[in-house]
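One structure below.
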Number of protein chains: 2
Amino acid sequence: MRSSETISSATGYLLLRLANLASARMEEALLPFRLRGRDLRVLAFVQDGELSQRDLSQQTGLDRTTMVAVIDGLERNGYVRRERSPTDRRKQLISVTTDGRTVLSEALTALRWAEDGFLAPLGEDERRQLHRQLSLLYAAHDPRCQTDDTSELGLLLGSDAAGTRHSEGPTRHTT
Amino acid sequence: MRSSETISSATGYLLLRLANLASARMEEALLPFRLRGRDLRVLAFVQDGELSQRDLSQQTGLDRTTMVAVIDGLERNGYVRRERSPTDRRKQLISVTTDGRTVLSEALTALRWAEDGFLAPLGEDERRQLHRQLSLLYAAHDPRCQTDDTSELGLLLGSDAAGTRHSEGPTRHTT
DNA sequence: AACTGATCGTCAGCTACGCTGATGATCAGT
DNA sequence: ACTGATCATCAGCGTAGCTGACGATCAGTT
């Protein structure tokens, strides 16, 4: 048995390597827009309404401190604006500018091109299937999409258990 | 139209975020083995035969300089050995130790546990489908997995073309 | 045998990322 | 007015990956 096959055939491994490759392509596609991947990610959510940086952090999954830098960049390029919330002056409400809206739209299009290229090896149906499975999995894992009762805890325990208490499973006696 | 839906529904986006989540779990699962994700990745390929660090770099997709550090770590833990090739004394042939073999096997098992947990939200069939699509896509993109006759060149051109010529697509006049 | 160009491993140094912890400003409740 | 919590921000840490350079070694040429 070749162990490389063992690991190459692991779904998680495939996921990671493919994400790497896809990421490279996407970054490349976004280059001319002066946007990094995470910038677009944030920008896309900004357009949904007047959100605070905190909100954006949670929605995008980025760290709150990272968000500062991202917004800085977007603001420097004139894609978004910072405004203190009138009701809660601690918050910075982030709003997209017309420039930002334009760039977002163009960048998303460019991204789709890149994505299409990346997924080209798959047929129409396979692509749809892939998208569906990924969506399901993402919905199940993203804390943002959880119904409040099941809550993060339940799922974490449910699936993490395999990882955390693997003292029952494969153990490693730290020599 | 909410643009967050636009980007959240992008397959590439899902791929990236899921890879992030999966990666965190896998790293966590490997913790007790004193292995990082990339360590295991390398270790798995080491077992395939006596490969040079150069070979490993290409196979795993890691940088040649990164490989030095990875091998250093693996060697420090006694999982692999460095030996100069007798036929080409520039090369370092990396071979796995019995300790390394044991750890690899255990770690792979732990990884499967974690993976199962992560994929739990999907049904049996969905999981299989997902794995299949990912495999296909990976095979199409990874230069290493190409059948030797078609050769790296052919498929690279075949699939890269769609991504490379996106200059035909939406362009951005760098003002 | 000497010379040239290429290859391999290694190292120093740079850049970028994400995170922790602390700080000042602000809010909500008492 | 006081206390505790929340928000944005900043400094700093550790890590990852990459570039560029270097010595050692190989293959081919003369």
Side-chain angles (χ1 to χ4, degrees), chain A residues 16-17 19-28 30-31 34-42 45-46 49-77 80-95 143, chain B residues 16-17 19-28 30-31 34-42 45-46 49-76 80-95:
Chain A
L16 263 58
R17 300 228 33 189
N20 255 352
L21 295 170
S23 165
R25 294 223 179 185
M26 291 164 72
E27 294 282 347
E28 189 189 1
L30 292 180
L31 222 66
R34 304 211 286 183
L35 287 177
R36 312 297 307 273
R38 59 180 192 177
D39 297 331
L40 182 65
R41 198 153 120 192
V42 171
F45 280 99
V46 167
E50 299 238 319
L51 299 174
S52 72
Q53 297 187 196
R54 199 58 153 215
D55 297 333
L56 287 171
S57 301
Q58 294 169 295
Q59 303 230 352
T60 57
L62 271 64
D63 192 73
R64 70 191 198 284
T65 58
T66 308
M67 186 59 63
V68 176
V70 174
I71 302 287
D72 281 348
L74 289 176
E75 197 178 27
R76 200 177 315 122
N77 284 333
V80 303
R81 251 189 314 267
R82 274 184 170 101
E83 298 170 88
R84 293 231 96 98
S85 162
T87 68
D88 185 344
R89 295 182 38 75
R90 289 171 302 179
K91 299 189 178 184
Q92 297 267 35
L93 294 186
I94 312 298
S95 56
Chain B
L16 263 59
R17 300 230 28 193
N20 255 353
L21 295 170
S23 164
R25 295 223 180 185
M26 291 163 72
E27 293 282 349
E28 190 188 1
L30 292 180
L31 221 66
R34 304 210 285 182
L35 287 177
R36 313 296 308 272
R38 59 179 193 177
D39 296 332
L40 182 65
R41 198 154 120 193
V42 171
F45 281 99
V46 167
E50 299 239 316
L51 299 173
S52 71
Q53 296 187 196
R54 202 59 154 213
D55 297 334
L56 287 171
S57 301
Q58 294 168 296
Q59 302 228 354
T60 57
L62 270 65
D63 192 74
R64 71 190 198 284
T65 58
T66 308
M67 186 58 64
V68 176
V70 174
I71 301 287
D72 280 349
L74 289 176
E75 197 177 28
R76 200 177 315 121
V80 303
R81 252 190 314 265
R82 274 185 169 102
E83 300 170 89
R84 293 229 96 97
S85 163
T87 67
D88 185 345
R89 296 182 37 76
R90 288 171 302 179
K91 299 190 179 183
Q92 297 268 35
L93 294 186
I94 313 298
S95 56

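Here the structure is a predicted model, which means the values were calculated and not measured. Residue numbers start from 1 in every chain, and the chains themselves are labelled A, B, ... in the order their sequence lines are given, proteins ahead of strands.
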Using Watson-Crick or G-U wobble geometry with both distances under 3.5 Å, which nucleotide pairs with dC8(C)?
dG23(D)

Let me see the working for T60(B) and R38(B) under side-chain contact (heavy atoms from CB on, under 4.5 Å), right down to the final yes or no.
CA-CA 9 Å; T60(B) 57; R38(B) 59 179 193 177; over 6 Å; no

Figure out the [atom1]/[atom2] separation between [X] and [N], and round it to whole Å.
| X | N | atom1 | atom2 | result |
| --- | --- | --- | --- | --- |
| Q92(A) | dG24(C) | CD | P | 18 Å |
| E83(A) | dC7(D) | CD | C1' | 17 Å |
| M67(A) | dC19(C) | CE | P | 11 Å |
| R82(B) | dG9(C) | CZ | P | 9 Å |
| Q53(A) | dA8(D) | CD | C1' | 6 Å |
| L16(A) | dA16(D) | CG | P | 14 Å |
| E75(A) | dT9(D) | CD | P | 8 Å |

With side chains defined as the heavy atoms from C-beta onward, is the minimum distance between [X] and [Y] less than 4.5 Å?
| X | Y | result |
| --- | --- | --- |
| R54(B) | R64(B) | yes |
| V70(B) | R36(B) | no |
| Q92(B) | R84(B) | yes |

OP1, OP2 of dG18(C) versus side-chain N and O of R64(A): anything below 4.0 Å?
no

Phosphate oxygens OP1/OP2 of dA16(D): is one of them under 4.0 Å from a side-chain N or O of R38(B)?
yes

Quick tally for nucleotides 23-29 of chain D: nucleotides whose base has a protein heavy atom under 4.0 Å get B, sugar-phosphate-only ones S, the rest -, giving -BBS---

Those residues at least two apart in sequence (or on a different chain) that pass salt bridge (charged side-chain N to carboxylate O under 4.0 Å, His left out) with R82(A) are D72(A), E75(A)

Please determine whether side chain to side chain donor-acceptor pair (under 3.5 Å) holds for the pair S52(A) and D55(A), giving the CA-CA distance in whole Å, both sets of side-chain angles, and the decisive distance to 0.1 Å.
CA-CA 5 Å; S52(A) 72; D55(A) 297 333; 3.1 Å; yes

5'-most by nearest nucleotide on DNA chain D - T65(A) or K91(A):
K91(A)

